[in-house]
Amino acid sequence: EAGVTQSPTHLIKTRGQQATLRCSPISGHTSVYWYQQALGLGLQFLLWYDEGEERNRGNFPPRFSGRQFPNYSSELNVNALELEDSALYLCASTPGDTAGSTQHFGDGTRLSIL
Amino acid sequence: AQSVTQPDIHITVSEGASLELRCNYSYGATPYLFWYVQSPGQGLQLLLKYFSGDTLVQGIKGFEAEFKRSQSSFNLRKPSVHWSDAAEYFCAVGGGADGLTFGKGTHLIIQP
């Protein structure tokens, strides 16, 4: 069984640009979560998508957005990039929206802002 | 609001020695608790989880954790560590609508 895959592995951008990160969940999983792991801030919940809809978001500004496609893959878009957006962005998938479902993580996209 | 505290930022253990990583949580209802491990440059791998039932949970790679409701703790243990156990360990609570809430992590160093 293929795990959660994320692309690209690394992404280098400059301030003010826009970044798009992609995530493919495990086959059969319908929920996708996005997390930011920034130095000194730890792992923080960003967004949750389930069955194609945004269900919840963490304490992040609106320039962090995304979507989930009919095949349950997901994109995270970050607009107007700032230096503090430099982080590892992790995607996780679960079989559904049941609280406590195990989240399976990808290896992340390292976003560096110059 | 839910929260997780991992009091130890770094722990150094000799290879072959026993290990205990501490985790305390704050959660309004019956918690769903997880331990994940992260090797450098990689994502998170689930070691074990607690939902209900037996308070001693067995996981992969010889790890176990004990849920103690009275102490709001979910400490991770291993009887004998191997050099390959060196990594960052995260305790987490929750899931569902608010995602997982993670502790800051404990960096495990293994001395030869």
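With 3.5 Å as the limit, one finds a donor-acceptor pair spanning the side chains of A/S73 and A/N71. Side-chain atoms of A/Q18 and A/N77 include a donor-acceptor pair closer than 3.5 Å.
For chain B, the nearby parts of A/L43 are the backbone and the side chain; heavy atoms of each come within less than 4.5 Å. Looking at B/Q45, neither its backbone nor its side chain comes within 4.5 Å of chain A, counting heavy atoms on both sides. Heavy atoms of A/L41 lying under 4.5 Å from chain B belong exclusively to its backbone.
Remark: B/K78 is positioned above the aromatic ring of B/F63, its terminal NZ or CZ atom under 6.0 angstrom from the ring centre and at most 45 degrees off the axis.
Between A/K13 and A/D85 there is no salt bridge, since none of the side-chain N atoms of the basic residue sits less than 4.0 Å from a carboxylate O of the acidic one. Using a 4.0 Å cut-off between charged side-chain N and carboxylate O, B/D85 and B/K61 make no salt bridge.
Proximity of B/L44 to A/Q37: side-chain heavy atoms (C-beta onward) are nowhere separated by under 4.5 Å.
Of all residues spanning residues 105-112 of chain B, none has a heavy atom less than 4.5 Å away from chain A's heavy atoms.
Taking the six-membered ring for Trp and thresholds of 30 and 60 degrees, B/Y36 and B/F102 have ring planes inclined between 30 and 60 degrees apart.
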